There are 2 protein chains.
Amino acid sequence: MVSRRDSAAATRRALLDAARQLLDEGGPQRVTLREVGARAELSRGAPYRHFADKESLLAAVGAESWERIADALALLQPTSSRKPAALLLEALDALMTVARVEPEVYRMMFTMPTREPEPSIRAAARAQGEFLRIVGSLVGPERAHLYGAMLLTSAHGVASMDASGHLSPQMWQTTPQAVVSALVDLLAERAD
Amino acid sequence: MVSRRDSAAATRRALLDAARQLLDEGGPQRVTLREVGARAELSRGAPYRHFADKESLLAAVGAESWERIADALALLQPTSSRKPAALLLEALDALMTVARVEPEVYRMMFTMPTREPEPSIRAAARAQGEFLRIVGSLVGPERAHLYGAMLLTSAHGVASMDASGHLSPQMWQTTPQAVVSALVDLLAERAD
DNA sequence: CACTCCAGATGACAATGTCAACTGTAGGAT
DNA sequence: ATCCTACAGTTGACATTGTCATCTGGAGTG
């Protein structure tokens, strides 16, 4: 039995999936509301029943990725086998993995309109909150903000430049992971 | 006396200026080839005499900013009054200033298509070469690559997240400058 | 069973990127 | 001086696309 609410949620999901798929195929330009509708086996105007406009649809895709990252980070808890430093690397890798696997989606996570109550901003804030917790467990709460900012922005920066091709491998003879890892090491010795 | 070549160069300049202006007013969507032509007091098809398509025009704007940064960095030479660390901060600030003053142009510097022979990529590589030189003068050539990567990507990351509003000031109680400055300090002590 | 609400479909329109065809002129060739 | 050519710039035309107004059908409600 499919209630109307469930059906609406399902089509919204289908629209988001179609948008994400198209985004990855060829960037925002490739995402056409008509094609999104077609991939969801709907008509061209269907997306307007779920999203205000194209920008909102793309923003929702980006916000969803922030949500996923926040969820993944929330699951990262220190155990006896997982040292804080390893945890931290995993957390940073969660972000950089999106940049590597879905570069266009990753770009959308930061390209979105930035009015305050935007879902993308809120989800990003939640993810950053989780991240702060992880950093704090390594370097202590008093340094968490500064070190957290250094780590997160560094991870984003290297992932972003790598994804956009502006970080030529022959020039920087290091991988994004190595850069972030070196920074973690540097900060870890200051943690004692 | 205006030769034909000079005239062509002048209109190309006018088109680039119009595009940059429109870009800053409202992002890539605001940049319409018709409006670019109008601002340059030309017709709608005029841009096609100088750029292959809209993407190329925007890419040229981004490449130009990379050129400017490369030029600015080339002028940064260590003197008795300018210590290497201060020089390094100036270099990083050159990048972050673009992000603050012309956020949309800054975004374009990294959003562009990334085929290898792209002017934007080449200009970025030049800028990064200059930057490497400055970093090397502080930490020595052997660490220049890794530390340079850490510094540049961190600057880009924090500037980018700040510009897109995904770095909420109340959460990260630090400014972009403070983040980068702290990282410079951290690396500088390792330089001895 | 009648009514309401809303997801979805469709027609229409304006904006825009893009190209083909055309025009005028600067600067060299004859 | 005259003709020719290359090319910057213009204009007409077209397909694509975002967006809205309007219409339709069926699920839920009384």
Side-chain angles (χ1 to χ4, degrees), chain A residues 1-62 104 107-108 111-113 115 118, chain B residues 1-62 104 107-108 111-113 115 118:
Chain A
M1 192 55 181
V2 194
S3 83
R4 188 151 70 177
R5 267 212 154 57
D6 289 345
S7 154
T11 57
R12 185 189 154 92
R13 180 97 296 278
L15 290 169
L16 282 171
D17 288 342
R20 176 178 299 266
Q21 189 181 337
L22 283 165
L23 189 59
D24 233 27
E25 285 179 19
Q29 327 224 3
R30 186 77 226 294
V31 181
T32 207
L33 291 185
R34 282 163 165 83
E35 183 71 15
V36 167
R39 298 236 177 157
E41 294 183 344
L42 294 170
S43 74
R44 50 181 200 270
Y48 285 93
R49 294 295 142 193
H50 299 266
F51 304 94
D53 51 16
K54 179 179 178 179
E55 208 174 3
S56 298
L57 173 59
L58 290 175
V61 173
E104 294 290 349
R107 192 171 294 177
M108 205 49 55
T111 301
M112 280 302 90
R115 295 160 234 147
E118 209 74 31
Chain B
M1 192 53 179
V2 194
S3 83
R4 188 152 69 174
R5 266 213 156 55
D6 290 345
S7 155
T11 58
R12 185 188 153 92
R13 182 97 295 279
L15 290 169
L16 281 171
D17 288 342
R20 176 178 298 267
Q21 190 181 336
L22 283 165
L23 189 59
D24 232 28
E25 285 180 18
Q29 326 225 4
R30 185 76 224 291
V31 181
T32 166
L33 291 185
R34 283 164 166 83
E35 183 71 16
V36 167
R39 297 236 177 155
E41 295 182 345
L42 293 170
S43 73
R44 50 180 200 270
Y48 285 93
R49 295 295 139 193
H50 299 267
F51 304 94
D53 51 15
K54 179 179 177 179
E55 209 173 1
S56 298
L57 172 58
L58 289 176
V61 172
E104 294 290 349
R107 192 171 295 178
M108 206 49 55
T111 301
M112 280 303 90
R115 297 161 234 146
E118 209 73 33

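In what follows, every chain begins at residue 1, and chains take the letters A, B, ... in the order their sequences are listed. No experiment lies behind these values; they were computed from the predicted model shown.
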Could you check how far CZ of A:Phe51 sits from C1' of D:dG18, rounded to whole Å?
16 Å

Suppose we screen for salt bridge (Lys or Arg N to Asp or Glu O under 4.0 Å). Which residues come up paired with A:Glu35, at least two apart in sequence or across chains?
A:Arg39

How does each nucleotide of nucleotides 10-18 of chain C score, in 5' to 3' order, for protein heavy atoms under 4.0 Å: base (B), sugar-phosphate only (S), or none (-)?
BBB---BBB

Check this one for me: any side-chain N or O of A:His50 less than 4.0 Å away from OP1 or OP2 of C:dG8?
yes

Report yes if some heavy atom in the side chain of A:Lys54 is under 4.5 Å from a heavy atom in the side chain of A:Pro47; otherwise report no.
no

Under 4.0 Å: is that the gap between some side-chain N or O of A:Thr11 and OP1 or OP2 of C:dA7?
no

Student check: side-chain heavy atoms of A:Leu33 and A:Leu57 closer than 4.5 Å:
yes

Salt bridge or not for B:Asp17 and B:Arg13, using N-O below 4.0 Å?
yes

Could you check how far CG of B:Leu42 sits from P of C:dT23, rounded to whole Å?
20 Å

What nucleotide among D:dA8, C:dG8, D:dT10 has an atom nearest to a side-chain atom of A:Arg49?
C:dG8

So, do A:Leu16 and A:Arg20 sit near enough that their side-chain heavy atoms are less than 4.5 Å apart?
no

Sequence neighbours excluded, which residues qualify as side chain to side chain donor-acceptor pair (under 3.5 Å) partners of A:Thr32?
none

For B:Glu41 and D:dG9, give me the distance from atom CD to atom P, rounded to whole Å.
12 Å

